[in-house]
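Encoded as structure tokens, the structure appears first; notes follow it.
Throughout, a chain's letter reflects where its sequence line sits, starting with A, and its residues are numbered from 1.
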2 protein chains.
Amino acid sequence: MNNHTESEENYIKALYYLGGEATVASGALANRVGAKGPSATQAVRRLASKGLVEVIPYKGVKLTLDGLTLAKHILRKHRLWETFLVEKLGFGWEEVHSIAEQLEHIQSRELVEKLAEYLDSPAHDPHGDPIPQADGKIPPAVGKPLQQFPQGSSLKVVRVEDAGTDFFTQLDLLKISLGKEYTLKSVSSFDFSIQLQAEEGESFWLSHSMSSNIYAISL
Amino acid sequence: MNNHTESEENYIKALYYLGGEATVASGALANRVGAKGPSATQAVRRLASKGLVEVIPYKGVKLTLDGLTLAKHILRKHRLWETFLVEKLGFGWEEVHSIAEQLEHIQSRELVEKLAEYLDSPAHDPHGDPIPQADGKIPPAVGKPLQQFPQGSSLKVVRVEDAGTDFFTQLDLLKISLGKEYTLKSVSSFDFSIQLQAEEGESFWLSHSMSSNIYAISL
DNA sequence: TCAAAGGTTTAGTTTTACCTAAACTTATTT
DNA sequence: AAATAAGTTTAGGTAAAACTAAACCTTTGA
Ligand SMILES: [Mn+2]
Ligand SMILES: [Mn+2]
Ligand SMILES: [Mn+2]
Ligand SMILES: [Mn+2]
């Protein structure tokens with residue numbers, strides 16, 4: 001009941017990402033793990049025989065309680081490792097996801113807890129995503145997309161979507177990072193681009209595709 | 001030419017452990033990786049097709065230059081991770097080997113080098129074993145077994161053999177660790193046990209099986 | 001020298017994990 | 001209600017990585 005392959009764990013994590021506790025179509029699952037339909041059908045059957053998921057043929061797949069617990073544990077490891085890579089090793093936030101994709105499968109309860117302690121039991125990873133805690137509780141996802149703030153608001157960036165390398169590069173070019181504070185000067189009603197103004201320094205415009213992946217709280 | 005499975009890497013590492021650049025019998029290899037003969041024969045054929053080893057049927061297997069390079073790189077990762085686990089996360093030196101056995105397979109050149117830097121480019125792991133450097137060079141293995149010191153020598157413990165959990169537990173009970181200095185008071189000619197005396201504190205006896213796994217340099 | 005012993009490889013299975021092509025369900029549209 | 005489209009599962013393969021049993025080399029000792 002405890003030893004899972006890397007492939008199994010990736011399916012479990014995908015299931016959690018796509019549906020949480022809800023039912024997910026096998027095609028969506030296959031797509032998420034980068035496999036074809038029949039591979040997912042088979043994989044899901046292996047998982048069912050281990051009690052990690054429930055399958056209703058032609059209807060969909062759902063995590064069991066055991067599956068849910070495992071999913072959150074893997075996500076915990078993924079995000080702790082991302083935090084380690086950025087905070088301790090000095091990686092940029094765009095580089096860590098693919099390495100954490102490997103590290104999340106390392107099996108050692110003691111390692112996870114020692115790592116968490118070493119990082120001061122963080123509640124959020126370098127992208128602002130909540131890190132599931134050892135007891136399975138998940139801190140709330142903070143912030144809302146920049147669009148949802150009215151003109152003139154003071155806000156602080158607290159989270160960014162993992163929208164690929166180019167997105168992160170653009171963030172770096174614009175010197176946007178978690179914790180930065182801005183005033184939302186204006187919103188274009190033509191293309192929904194947004195003008196931000198930092199404490200000191202000139203203001204700049206953000207395209208809709210950029211701003212929709214940036215989350216903030218108001219100050 | 002660059003992506004290897006965990007199994008492949010374990011065979012390569014075993015080959016290096018058993019023979020270095022020399023030829024190794026398939027049975028010894030199988031034994032080392034915890035598999036049966038036929039599994040090793042097959043594995044070794046896969047490795048040969050990737051140019052990592054040379055096989056002469058019924059004679060033995062040998063690492064190619066590529067294989068040797070890979071072996072040292074895996075060992076580098078193994079020992080860097082062991083160092084990390086002890087130095088940064090506070091693991092005991094008996095706990096780290098099995099976790100490093102997993103971590104050594106994480107693939108990211110950048111991660112290895114950032115980790116090494118974070119640890120101040122150590123030359124030796126927590127057991128005193130040399131860590132292969134990025135360029136493939138291997139620092140000399142330091143120390144010689146306690147038996148080889150004459151009575152009255154002043155010595156410093158610099159390395160211990162990985163002789164299993166019970167050995168490490170015993171070391172901990174006796175408060176022996178790397179860097180500790182002792183005077184070798186006497187050697188029993190009956191059972192070859194050794195009497196050590198720390199700077200301050202009472203002296204104590206070490207059985208031959210203990211002392212033969214402890215390496216030191218003279219001061 | 002040649003026959004037994006020991007070690008290695010071959011042959012044939014199993015499980016995981018992927019694939020394509022074909023068959024089958026379900027949902028939608030006429 | 002029937003036909004089509006979309007999505008899912010079945011059928012049949014392949015490759016890695018392990019196993020057991022049987023055949024095959026090599027070495028050695030009578
Ligand atoms: Mn990530
Ligand atoms: Mn993964
Ligand atoms: Mn080790
Ligand atoms: Mn290993």
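- Leu47(A) has its CG atom 11 Å from the P atom of dT16(C), to the nearest Å.
- Gln147(A) and Ser212(A) share no donor-acceptor pair across their side chains, judged by distance under 3.5 Å alone.
- Distances shown here put every side-chain N or O of Ser7(B) at or beyond 4.0 Å from the OP1 or OP2 atom of dA16(D).
- Near DNA chain D, defined here as any heavy-atom distance below 4.0 Å, the residues from residues 22-41 of chain A are Ala25(A), Ser26(A), Gly27(A), Gly37(A), Pro38(A), Thr41(A), listed numerically.
- If you measure from atom CD1 of Ile56(B) to atom P of dT26(D), you get 11 Å, rounded to the nearest angstrom.
- Rounded to whole Å, atom P of dA15(D) lies 16 Å from atom CD of Gln42(A).
- OP1 and OP2 of dT15(C) both lie 4.0 Å or more from every side-chain N or O belonging to Arg46(A).
- Each of Val55(B) and Ala43(A) was matched to the nucleotide of DNA chain C holding its nearest heavy atom; the match closer to the 5' end belongs to Val55(B).
- Enclosure of atom CZ in Phe192(B) is not indicated, since only 12 or fewer non-hydrogen atoms of other residues, nucleotides or ligands lie within 6.0 angstrom.
- The phosphate of dT10(C) has OP1 or OP2 within less than 4.0 Å of a side-chain N or O from Arg45(B).
- If you take CG of Asn3(A) and P of dT15(C), they are 18 Å apart, rounded to a whole angstrom.
- Remark: side-chain polar atoms of Glu87(B) are not paired, donor with acceptor, to backbone N or O of Leu85(B) under 3.5 angstrom.
- Between Gly60(B) and Pro57(A), the one whose closest nucleotide on DNA chain C sits nearer the 5' end is Gly60(B).
- Remark: the Glu8(B) side chain and the dA16(D) base include no donor-acceptor N/O pair separated by less than 3.5 Å.
- Residue Tyr58(B) places no side-chain N or O under 4.0 Å from the OP1 or OP2 atom of dG6(C).
- The side chain of Lys59(A) contributes an N or O atom lying less than 4.0 Å from OP1 or OP2 of dA27(C).
- Side-chain N or O atoms of His208(B) include none that pairs as donor or acceptor with a backbone N or O of Asp191(B) at under 3.5 Å.
- For Tyr16(B) and His73(B), the distance between ring centers is not under 6.0 angstrom.
- Rounding to whole angstrom units, CD of residue Glu6(A) and P of dA16(D) are separated by 18 Å.
- Of the possible polar contacts, none joining the Ser121(A) side chain to the Glu117(A) backbone as a donor-acceptor pair under 3.5 Å is found.
- Under the 4.0 Å criterion applied to side-chain N and carboxylate O atoms, Glu113(B) and Arg76(B) are assigned as salt-bridge partners.
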